[in-house]
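Remember, predicted model here, so these are calculated numbers, not experimental data.
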Amino acid sequence: MVYMASNDLRRCPLLVGRGLTHAPVRKGMCGVRGGYPYSNAHVNNMQMRCALLIVAMCLFMTRSSAVEFTEEPKSDAAAWVKQGRQMFFQKQYKEALDLFEKALDQKPTNKDIRILAATAAYWARRPERAIDLWNRLYDTVERGRDEEWMIEQNRVMTLAALGKTEAAELAVERLYELRASTKCPAAHAAKGFVRENLFGKNMRAGCWEAFDERGDAAAIWTVLVTRPEGAPSSKTHEKQDPPDDKLIAMLAVEIAALPGGGTGFVFSEETDDASRIYKRWTQRPQYAEVRALILGVLNGSAQPIDEKIHKPAPAPLVLANEDDNAVPQEIRDMRLVPQAETIVWTAWKLRKVQSDITRLARITPGDSAALDEYFRDFNAKYPGAAVTAGELSGFVAKAKAEHVQAACAKIAKLLNRSAYLEFAMLTALNTRDRDIPPEIMAAFSTSNDFLVRQTTALILARHGQKHGIEILFDELQSADARGCELISGALEELIGHILDSPPNSRSQNIETKLKDWKSAAAIWRTATIDRLEFNPTPKPGEPSWTTK
């Protein structure tokens with residue numbers, strides 16, 4: 001379990017803001033008060049985002065971790081359980097554990113009491129006692145069922161608190177196995193699980209991992225950082241809420257448009273006074289690397305690579321000229337409603353960003369030096385473009401469907417669209433996972449940029465349009481080795497592992513090998529594509545297109 005000294009917290013940038021948000025949280029017996037973002041849009045209003053996070057996490061706690069207790073006959077054990085639950089509810093976890101232990105001594109075979117004791121031991125920061133109780137419960141349950149799912153979630157948190165990293169990872173693997181099982185409906189319905197809680201003096205950071213088998217989750221990991229708000233009254237009784245915790249920051253690893261184009265992942269921090277970016281990746285990072293960043297932000301040692309101080313909401317748009325940052329006449333003449341006009345105008349600002357976004361996708365995974373160089377060059381040449389792209393995602397994510405449709409119809413007809421504008425718009429549309437306008441997808445499918453065409457095809461196929469798969473197979477025939485690697489990854493997501501991996505671009509005789517691989521892909525397409533059938537609700541880990 002991680003503890004932080006009070007002087008660390010005073011240095012922590014998370015704690016030096018103003019107007020920090022009060023976020024009510026649900027009290028429960030298991031888990032963390034947190035959740036997962038509703039979109040991958042970069043939204044500055046932390047209160048709005050975190051309200052949805054808390055609601056989502058409450059659903060997780062209710063469905064996956066809550067324990068239903070049957071009526072106990074009057075006995076000392078029943079009285080101790082009742083008192084223990086009152087103590088737990090008031091966050092007096094050590095006292096609750098003592099009472100549950102007394103009840104367990106009297107009724108050692110009662111599973112409900114053991115669950116209560118294990119949960120209280122975890123929150124009393126006695127993980128060694130908690131894991132002993134959870135392991136004994138684990139030995140008694142039927143494998144592959146909802147009960148194992150509930151216990152394994154708690155074992156993940158407890159093993160992490162004990163610093164047993166390898167054991168915690170094995171428990172995480174078991175959660176994913178249960179999720180893939182047909183015998184565990186609770187796992188299949190879950191949106192994710194709590195990885196761990198990091199404790200410091202007067203603070204807690206709870207890390208939520210979202211299930212992301214299809215690669216389209218808005219945020220993979222979300223960390224809500226909270227601080228206790230006051231102390232419970234001695235007169236508080238069971239039906240009254242103890243004081244709410246104060247939400248002081250949200251950390252997340254999100255899918256986002258990268259500066260210069262391309263989709264990747266960013267490690268972000270949101271407070272009421274600022275938004276910060278600490279790390280960018282072109283490929284999904286490992287949790288161990290993310291955890292190190294979380295600790296760095298919490299103890300104040302991590303330095304942001306990008307920062308935006310929040311300012312009051314802008315005044316209504318003034319219809320003047322572009323130099324005054326106002327809506328240009330050509331967009332005013334479209335006569336759109338304000339919400340659609342804002343989307344078109346924000347996209348229009350990106351029309352001059354002439355960046356080769358395919359170059360970013362071709363950077364070898366793990367080549368941090370090349371990635372950093374690319375970002376430096378892009379930010380120097382187009383300062384503010386990445387922020388504008390993030391704002392575009394936010395506007396599209398929150399707009400009504402009819403306004404997105406109207407805006408997209410106009411954007412599809414804009415002259416001299418840049419590839420960066422197109423990719424930023426695709427990234428914004430991907431936040432909705434619905435209402436994908438056909439006009440703009442048709443326009444982007446013939447873009448001059450390889451990555452725009454590939455991403456358009458992938459989104460089309462994800463929404464059940466076989467034309468998207470056909471575009472990807474067409475792209476294979478003219479792609480180089482690195483391009484084939486990117487396309488084969490998209491095809492594997494959509495239809496499974498139907499082809500061998502393309503030859504490595506550094507291998508000998510690459511031209512011959514690549515020609516043979518493309519020939520095998522063309523043969524598969526001719527023989528099978530007409531028999532592909534779309535499944536809108538695939539099971540975790542299954543492709544969305546299957547062969548009839």
Side-chain angles (χ1 to χ4, degrees), residues 39-41 212-218 255 257 261-263 343 347 357-358 361 392-393 396-397 399 401-402 404-414 417 419-479 483-499 521-522 524-526 528-538 542-548:
S39 79
N40 61 357
D212 187 34
E213 293 90 345
R214 298 182 63 185
D216 55 3
I255 298 174
T263 299
I343 293 172
I357 63 173
T358 298
L392 178 63
S393 288
V396 171
E402 59 268 26
V404 174
Q405 295 277 352
C408 286
K410 298 299 183 181
I411 292 172
K413 296 178 182 179
L414 287 178
R417 294 189 312 267
Y420 187 79
L421 183 161
E422 293 175 335
F423 196 84
M425 194 64 202
L426 287 172
T427 303
L429 288 172
N430 200 44
T431 66
R432 298 180 65 83
D433 196 31
R434 65 189 190 282
D435 312 324
I436 304 300
E439 301 95 334
I440 201 166
M441 301 305 286
F444 288 1
S445 67
T446 59
S447 170
N448 292 327
D449 187 88
F450 162 79
L451 192 59
V452 171
R453 297 193 303 271
Q454 177 198 325
T455 305
T456 302
L458 180 60
I459 294 175
L460 286 171
R462 283 176 174 173
H463 287 78
Q465 298 189 38
K466 190 181 293 185
H467 177 57
I469 297 177
E470 293 173 338
I471 292 174
L472 291 173
F473 274 104
D474 287 340
E475 290 288 335
L476 279 179
Q477 298 309 310
S478 57
C484 287
E485 289 176 358
L486 297 172
I487 296 172
S488 66
L491 287 171
E492 184 160 348
E493 174 196 324
L494 296 169
I495 54 184
H497 190 68
I498 49 92
L499 296 171
W524 189 95
R525 174 188 183 178
T526 301
T528 315
I529 197 162
D530 289 340
R531 295 189 288 117
L532 287 178
E533 188 174 66
F534 181 65
N535 177 13
T537 57
E542 291 185 351
S544 51
W545 289 85
T546 56
T547 305
K548 296 179 184 178

>> Is any side-chain heavy atom of Leu499 closer than 4.5 Å to one of Glu492?
In response: no

> Short question: side chain of Trp545, backbone of Ile469 - any donor-acceptor pair under 3.5 Å?
Replying inline: no

>> Is the ring pair Trp524/Phe473 parallel, tilted or perpendicular, if the boundaries are 30 and 60 degrees?
In response: parallel

>> Using side-chain contact (heavy atoms from CB on, under 4.5 Å), reason through Val396 and Met425 one step at a time and then give a plain yes or no.
In response: CA-CA 9 Å; Val396 171; Met425 194 64 202; 3.9 Å; yes

> Does a side-chain heavy-atom distance below 4.5 Å link Ile487 with Phe450?
Replying inline: yes

> Distance from Leu451 atom CG to Phe423 atom CZ, nearest 0.5 Å?
Replying inline: 4.5 Å

> Which value, rounded to the nearest 0.5 Å, describes the distance between Asp449 atom CG and Leu421 atom CG?
Replying inline: 12.0 Å

>> Minimum heavy-atom separation for Leu476 and Ala521, please, with both atom names.
In response: CD1-CB, 3.9 Å

>> Determine whether Thr427 and Leu392 satisfy the following criterion, side-chain contact (heavy atoms from CB on, under 4.5 Å), listing intermediate values before the conclusion.
In response: CA-CA 9 Å; Thr427 303; Leu392 178 63; over 6 Å; no

>> Nearest 0.5 angstrom please: Ile495 CD1 to Leu472 CG, how far?
In response: 8.5 Å

> What is the minimum heavy-atom distance between Ala442 and Ser445, and which atoms define it?
Replying inline: O-OG, 2.7 Å

> To the nearest 0.5 Å, how far apart are CD in Glu475 and CD in Gln454?
Replying inline: 8.0 Å

> Is there side-chain contact between Ile440 and Leu429, with at least one heavy-atom pair below 4.5 Å?
Replying inline: yes

> Short question: side chain of Ser488, backbone of Glu485 - any donor-acceptor pair under 3.5 Å?
Replying inline: yes

>> Under a 3.5 Å distance rule, please check whether Thr446 uses its side chain to pair with a backbone N or O of Ala443 as donor and acceptor.
In response: yes

> Would Arg462 and Ile436 count as a side-chain contact (heavy atoms from CB on, under 4.5 Å) if you check the C-alpha gap in whole Å, the side-chain angles of each, and the deciding distance to 0.1 Å?
Replying inline: CA-CA 11 Å; Arg462 283 176 174 173; Ile436 304 300; over 6 Å; no

> Which atom pair, heavy atoms only, marks the closest approach of Ser447 to Arg453?
Replying inline: O-NH1, 3.0 Å

> Rounded to the nearest 0.5 Å, how far apart are CZ of Arg417 and CD1 of Ile411?
Replying inline: 9.5 Å

> Of the non-hydrogen atoms in Cys408 and Pro437, which two are nearest, and what is the gap between them?
Replying inline: SG-CG, 3.5 Å

> Between Arg525 and Asp474, does a side-chain contact (heavy atoms from CB on, under 4.5 Å) hold up when you go through it step by step?
Replying inline: CA-CA 10 Å; Arg525 174 188 183 178; Asp474 287 340; 2.7 Å; yes

> Taking all non-hydrogen atoms of both residues, which atom of Gly483 and which atom of Ala479 are closest, and how far apart?
Replying inline: C-CB, 4.0 Å

>> How long is the straight-line distance from CD1 of Ile498 back to CG of Leu532, given to the nearest 0.5 Å?
In response: 8.5 Å

>> Do the side chains of Lys466 and Asp530 get close enough for a salt bridge, i.e. N-O under 4.0 angstrom?
In response: no

>> Salt bridge or not between Lys413 and Glu439? Use side-chain N to carboxylate O under 4.0 Å.
In response: no

